[in-house]
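Take a look at the structure set out below.
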Amino acid sequence: MTLAVKAVGIRKSFGSHEVLKGLDLEVAYGEVLCILGPSGSGKSTFLRCINHLETPNGGYVWVDGAIMGYELSRGALEGLPVKRLRAQQSQLGMVFQHFNLFAHRTVLGNVIEGPMVVRGLSRAEAEARAMGLLEQVGMAAKASSYPSQLSGGQKQRVAIARALAMEPRVMLFDEPTSALDPELVGEVLEVMRNLARGGTTMIVVTHEIGFAREVADRVVVMIDGEIREMGVPTHVLSNPGDPRVRSFLSRVLA
Amino acid sequence: MHHSHSSSTSALSLADLPGPDVAIRPLHHPWRWISGGLVILLLAVIGRAFAVGQIQWTVVGEFLTAGVIITGFGWTLLISACALVLGVLLGFAFGIMRLSENPILRFAAWLYVWVFRGTPVLLQLLIWFNIALVFPRLYIPGLIDARMVDVVTPFVAAVLGLGVNEGSYLTEVVRGGISSVDKGQKEAAHTLGMTPGQTMRRIILPQTLRLILPVLGNSAIGMLKFSSLAATIAMGEMLNAAQRIYFINGAVIELLFVCAVWYLAGTTVLSIGQYYLERHFGRDGAAATRERRWFKGWARRPVAPGEA
Ligand SMILES: Nc1ncnc2c1ncn2[C@@H]1O[C@H](COP(=O)(O)OP(=O)(O)OP(=O)(O)O)[C@@H](O)[C@H]1O
Ligand SMILES: [Mg+2]
C-alpha cells in the first residue's frame, strides 16, 4: 500500500470559529474514501484545506512526496511561491458542488484550458486528449456547447473531465451531486463509479450513503470538525460506536 | 369574482358557437393614430420654426465641409480615441488594484477614484493645462528633462484630463465586472494550477470585458461629446474651430449647428458600432449578452452572469 495523501493535524478557524480541530487522514493510491457528516461539520473546509484552496491554520498535507504549499527547511515549513503551490494543486483534481465551469469557454475549451496553459500542451494534443476524456464521461457530442446550454448532470461530467485532464494523482469531490435534480444524480455517480473501478484515487464528500456503501473502500464520519469514525463502510455504516455518529446515520439512513 | 365572470361569458351556449371560418375583426387602436398625428404635427411646427427662423441654412451647408471644421473634427476624434484608450487602461489597472489583497494598492485605487470622480472634468482639464504653474520642469532622471509647457500641450492636457477622469469611472465598472464573475471559476482555475495572473487574463478578464462592453460603448459616445470641453483650453478641436470662425463672421448659430451635425454623425456611427460589437461578443455563449438590443446599451450596467 503506497500512500498518496497524508493530512497531519489540520486545523482551521474562521475568525474565532474553530471549524477543523486537528484532523489526521491517510489515503492510499487506488483507494476510494468517502467523507460523511452533518451539514456544517467542516467536510468542505477539510477538502479545501487538503488542496490549499483554504490555507490551514495548523498542520500540513503531504501529497506524493511533497508538502502542500511549503518546503521543509531546517525543521520548519517555509511557504512556497504561488507558482509552485499551483503546480502542487494541479496534482489534486477538484470537482465542486456547483461545477464552476468557465462560462466563456465551450465544453472542449474548459477541458483543454489546464493542459494548454499549465502543462504547455499544444492545442491539437490537448484537444485530442480532451475528446478522449469527454468520450469517457459521455459528453463528446456536446464538445462545442457552452456551459449555459447544459443540464446540471452534464455540467458536472464536464467538470470531472476537466479535472481529469490534468492527470491528477488524486481526485477530490465536494458533494458532486448535491446541486443536481434527482434524476440527474445517477449519470454523475455512474461516471464516478467507473473512475473508481479504473483505480483512480478518490476522496469524496457526499450525502449519497448508497454510493459510499457500494464504492468506498473506507468511510470517514466527521462531526463538529473532528473525525469521529473511520473504517470500512459495512462496519461504520451498520454499527458505529460513537453515539453522535449513530444518531447522524440513523437520520440519513431513515 | 373569477367565478361570476366565467359564468357571465358562459351565456354563449355551445350550440351558438360559430364555425372555424368565422370572420375575425381585431381591436382597432384609434389613439395610436391620434397621438402619432399630434407628434408629427408638433415636429412639423418645430421644423418650420427653424426653417423660417434667423438661420442661414446655406451657411450651415457651406461650413459643414469646410477644411477648418473637418480638421477640427479630426482632432475631436483623435482626442476622444486617445482619452478613451487611456481611460480603459487606467480603469483596468485601478479596477484590478481595487480588488487586490494588498491594502495599500486598494487604498491607492480608492484615492484615485475619490479624487478624479469627485471633481468636475472641466476643472481637471484646466488644472492639467496649467500644471506648469506647479511643476515648471518635468524631470525624470535618465528619461526626460523638459519645460512642462512644452510637454503638456493643449492636446496632451485634453487627453490626460478626459482620460484620467474617464478612468476613474471605468475603475468602478471594471471592479464591478470582476467581482460579478463568480468566485468558483477562480477557484477552479487555481485547482488546475493556473497562477493568479493566468486566471485573471484567461478566465476573469474575458468575462469582465463582455460585461463592461456596453459601458465602454457609452464611454466612447460620452467621450466624443466631452472632448468639446477641450475648446476651453485652446485646443483646436471642432468646437474651438467653430468658435474662431464665428468670432470673425458672426454666424454663431450656423456654426454651432455644423458642430451638432458632426457630433450626431459621430455618435450615430459609434452606436451602430456598439451594436455590432456587442452582438459579436454576445455570440460566444455568455448568457449575459444573449438578448441585447442596441437601444438597451444606453443605460446598461453590468449584469450578473448566468450560473455556470
Ligand atoms: N469562508 C468561510 N468563512 C467563514 N466561515 C466559514 C467559511 N467556510 C465555512 N465556514 C464555516 O465553517 C463551518 C463548516 O463549513 P463547511 O462548509 O466545511 O461544512 P460542510 O460539512 O461542508 O457542510 P455542508 O454539508 O453543508 O456542505 C460552517 O459553520 C461554516 O459556516
Ligand atoms: Mg460542504
Side-chain angles (χ1 to χ4, degrees), chain A residues 44 47-48 50-54 81-107 109-120 144-150 152 155 158-159 162-168 170-172 174 179, chain B residues 96 99-102 105 174 176-214 216 277-292 302-308:
Chain A
S44 298
L47 211 59
R48 293 164 60 83
I50 289 177
N51 69 1
H52 267 239
L53 276 180
E54 305 279 0
V82 174
K83 210 170 159 140
R84 288 184 58 193
L85 169 64
R86 294 283 183 266
Q88 293 180 329
Q89 285 177 311
S90 70
Q91 308 249 303
L92 299 171
M94 179 83 167
V95 175
F96 300 86
Q97 182 175 358
H98 294 287
F99 330 121
N100 298 350
L101 293 180
F102 305 134
H104 62 308
R105 295 261 201 267
T106 60
V107 164
N110 267 273
V111 183
I112 63 175
E113 183 72 18
M116 277 177 62
V117 175
V118 179
R119 305 182 65 195
S144 53
S145 301
Y146 282 90
S148 58
Q149 300 164 325
L150 304 180
K155 284 183 199 174
V158 173
R162 176 178 68 178
L164 289 173
M166 292 302 289
E167 301 187 319
V170 180
M171 286 287 285
L172 310 179
D174 188 4
Chain B
I96 291 170
L99 295 166
S100 163
E101 308 209 339
N102 184 335
L105 293 189
V174 168
I178 289 178
S179 30
S180 70
V181 176
D182 86 282
K183 195 160 147 285
Q185 292 185 41
K186 192 169 145 187
E187 291 189 339
H190 288 174
T191 60
L192 292 177
M194 294 168 72
T195 61
Q198 290 169 333
T199 308
M200 187 55 86
R201 270 198 317 281
R202 300 192 52 98
I203 306 301
I204 312 233
L205 286 186
Q207 297 186 60
T208 309
L209 197 59
R210 188 165 292 141
L211 289 167
I212 70 175
L213 211 55
L216 285 185
L277 210 60
E278 284 181 25
R279 211 174 61 166
H280 172 77
F281 276 93
R283 202 171 29 189
D284 283 8
T289 47
R290 194 167 299 145
E291 40 184 334
R292 237 163 221 172
V303 289
E307 189 221 1

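The analysis underlying the following values was restricted to heavy atoms, covering all of them including side chains, and did not include hydrogens, waters or symmetry mates. This one's a predicted model, so the numbers in the text were calculated from it and none came from an experiment. In what follows, every chain begins at residue 1, and chains take the letters A, B, ... in the order their sequences are listed.
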*asked:* Would you compute the distance between atom CG of A:Asn100 and atom NZ of B:Lys183 and round it to the nearest 0.5 angstrom?
replied: 9.5 Å

*Taking the side chain as C-beta and beyond, is there a heavy-atom pair between B:Ile203 and A:Glu113 under 4.5 Å?*
yes

*State whether the side chain of A:His104 and the backbone N or O of B:Thr208 hold a donor-acceptor pair below 3.5 Å, judged by distance alone.*
no

_Spacing of A:Glu54 atom CD and B:Glu187 atom CD [to the nearest 0.5 Å]_ = 7.0 Å

*asked:* Less than 4.5 Å to any heavy atom of chain A: does that hold for the side chain of B:Gln198, its backbone, both, or neither?
replied: side chain

*Heavy atoms, side chains only, cut-off 4.5 Å: are A:Arg86 and B:His190 in contact?*
yes

*Should B:Thr191 and A:Gln89 count as side-chain neighbours, where that means a heavy-atom distance under 4.5 Å?*
no

*What's the shortest heavy-atom distance between A:Phe102 and B:Ala188, and which atoms?*
CE2-CB, 4.2 Å

*Is it the backbone or the side chain of A:Leu53 that comes under 4.5 Å from a heavy atom of chain B, or both, or neither?*
side chain

*Which atom of B:Thr195 lies closest to which atom of A:Lys83, heavy atoms considered*: CG2-CG, 3.7 Å

*Proximal component of A:Arg162, with respect to chain B [non-hydrogen, under 4.5 Å]*: both

_Is A:Val82 in contact with chain B via its backbone, its side chain, both, or neither, using a 4.5 Å heavy-atom distance?_
side chain

*Carefully, step by step, assess A:Arg105 and B:Gln185 under the rule side-chain contact (heavy atoms from CB on, under 4.5 Å).*
CA-CA 11 Å; A:Arg105 295 261 201 267; B:Gln185 292 185 41; over 6 Å; no

